Each structure stands twice: as structure tokens, then as C-alpha cells.
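Have a look at the structure below, then the notes.
Fair warning: this is a prediction, and the values are worked out from it, not measured in the lab.
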Amino acid sequence: MGPDMCMSTPPDGRPRFVAVSLSAEGARRAVAESPSREPVDHAVTEMTLTVQARGGAPTFEIWGPTTDGSGWQHLDTISPGPGVTTTVADAAEEPVRSAREERLRDRRHQVLTSALVSAGVPIGQPEDDTAARRLIDAVDEGTIRRLAHWFSQATAQS
């Protein structure tokens, strides 16, 4: 199913924001829903990163209420493609980290991606993940949290 395709029918129930996962076999499953779009976008970004980390190629549709709230409308189809697979050469370049260092790195990654999603920045492409990983490897958690604060301030002012 290509990125231009969409479900023939909207999700069941009253109109709200819903993310629908589309499998290669054509199965559809609602994977996130909320009265506002931001939590749905955040969930899709996190699921995309997870599926890509496993080498998969996720596809999601975002559905939401019409402007007057009386019906459904297809808002977006997200199909960023497969994740970046780690080659032996890439693995050799990665430093060996302790479990604690890996947890702290994962936490910085989560803070950064969450802040970007909250600011409305789509981060589903492999180069986005590469840029995020380079940034979190280059700076400490305090700096990442400061960046997240700046993103939230910019979002609140817009």
C-alpha cells in the first residue's frame, strides 16, 4: 500500500484523532487516539522509530474530525520507509557503552524526540534519527533538556 493510499472507511465511533497502522498484508488497526492531534502525532513518531529500529517500514494514516466536528476526514498518510540497518562497519564505529550509559543515552534520545514532536517537527526519516543520535552523543542531558525547553517555549508562543 503506497503513501497515497488511504482506508476506504474511517475508524469506528465518534470523530476524534486516530492513528491507524497499515500492514503490508492490508490489515488495519487503530494504534493511537485522542481528542487532540498532538498526542497522536507523538505516538506515531515513537512507533515509527521503534518499527524502523527493528528494520521495518511502517505506514500510518491519521484521521480526524472535520472542521465542524460532525464527520471524519483523512488528514495524512505517513510512510517513511524502512529503518536504517546497522552494518558491521557501523557497529565497529559505535563505542562500547555500559548499561547505565546506554540508559542515559536512550533517555536523552527520548527527551529530544519528544520535544521535536511536541514542537510539530516530523521526525520519521532515517536521516532524522541519525541527526538526533549524533546530537545526543555530542551533548549532555542538561543541554538536551534546555533544547527541549526552547522548543516548548517556541511552540507556546506560536
Side-chain angles (χ1 to χ4, degrees), residues 1-87 89-91 94 102 105-138 144-145 147-158:
M1 194 168 262
D4 296 334
M5 302 293 289
C6 74
M7 280 173 63
S8 57
T9 58
D12 293 329
R14 62 175 173 65
R16 62 207 178 280
F17 291 93
V18 176
V20 177
S21 174
L22 306 173
S23 72
E25 298 81 34
R28 298 174 178 99
R29 183 171 58 112
V31 292
E33 60 182 80
S34 174
S36 60
R37 181 159 178 183
E38 184 178 314
V40 172
D41 287 342
H42 178 75
V44 167
T45 300
E46 291 297 320
M47 287 184 272
T48 297
L49 293 173
T50 301
V51 172
Q52 287 180 324
R54 295 176 181 158
T59 301
F60 298 97
E61 288 184 340
I62 307 294
W63 286 83
T66 56
T67 354
D68 64 3
S70 64
W72 286 97
Q73 66 178 336
H74 176 256
L75 301 173
D76 199 3
T77 299
I78 300 166
S79 186
V84 179
T85 55
T86 304
T87 63
D90 292 338
E94 284 284 318
E102 195 61 38
R105 184 175 188 258
D106 288 346
R107 189 164 74 181
R108 289 192 311 268
H109 188 271
Q110 182 179 11
V111 167
L112 179 61
T113 56
S114 179
L116 289 168
V117 169
S118 295
V121 178
I123 54 169
Q125 302 299 322
E127 53 271 4
D128 296 333
D129 190 53
T130 301
R133 290 189 184 285
R134 284 187 182 151
L135 181 60
I136 63 170
D137 286 341
I144 293 292
R145 290 196 178 278
L147 282 169
H149 174 75
W150 290 342
F151 288 137
S152 70
Q153 292 298 312
T155 303
Q157 293 176 2
S158 57

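Nearest heavy-atom pair, Ser34 versus Pro39, reported as atom, atom and distance to 0.1 Å: OG-CG, 3.6 Å. Scanning both residues, Val20 and Pro11, for their nearest heavy atoms gives CG2-CG, 4.2 Å. In this structure, Gln73 and Pro65 approach most closely via the heavy-atom pair NE2-O, 3.0 Å.
From Leu75, atom CG reaches atom CZ of Phe17 across 6.0 Å, with rounding to the nearest 0.5 Å. Between Ser21 atom OG and Met47 atom CE the span is 7.5 Å, to the nearest 0.5 Å. Taken to the nearest 0.5 Å, the CZ atom of Phe60 stands 9.0 Å off from the CZ atom of Arg29.
Here Glu46 pairs with nothing under the salt bridge (charged side-chain N to carboxylate O under 4.0 Å, His left out) rule; sequence neighbours left out. For the side-chain contact (heavy atoms from CB on, under 4.5 Å) test, residues two or more places apart in sequence or in another chain that qualify with Ser152 are His149.
Residues Ile62 and Ile78 have side chains in contact (heavy-atom distance under 4.5 Å, counting atoms from C-beta outward). Side-chain contact between Phe151 and Leu112 is present, with at least one heavy-atom pair separated by less than 4.5 Å. Two residues are said to be in side-chain contact when any heavy atoms from C-beta on lie closer than 4.5 Å; Ser114 and His42 meet this criterion. With contacts defined as side-chain heavy-atom distances shorter than 4.5 Å, the pair Ile144/Leu135 qualifies. When side chains are defined from C-beta on, Arg145 counts as touching Arg107, because their heavy atoms get closer than 4.5 Å.
A distance-only check finds a donor-acceptor pair linking the side chain of Thr66 to the backbone of Gly71 [under 3.5 Å]. One N or O on the side chain of Arg16 and one on the backbone of Arg14 form a donor-acceptor pair closer than 3.5 Å.
Within a 6.0 Å sphere centred on CG of Asp68, heavy atoms belonging to other residues, nucleotides or ligands number more than 12. Enclosure of atom CD in Gln110 is not indicated, since only 12 or fewer non-hydrogen atoms of other residues, nucleotides or ligands lie within 6.0 angstrom.
Among the candidates Leu22, Thr48, Thr59, the single residue satisfying the side-chain contact (heavy atoms from CB on, under 4.5 Å) test with Ser79 is Thr59.
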Is there a side chain to side chain contact (heavy atoms under 4.5 Å, CB included) between Asp76 and Trp63? Walk through the geometry before answering. CA-CA 7 Å; Asp76 199 3; Trp63 286 83; over 6 Å; no
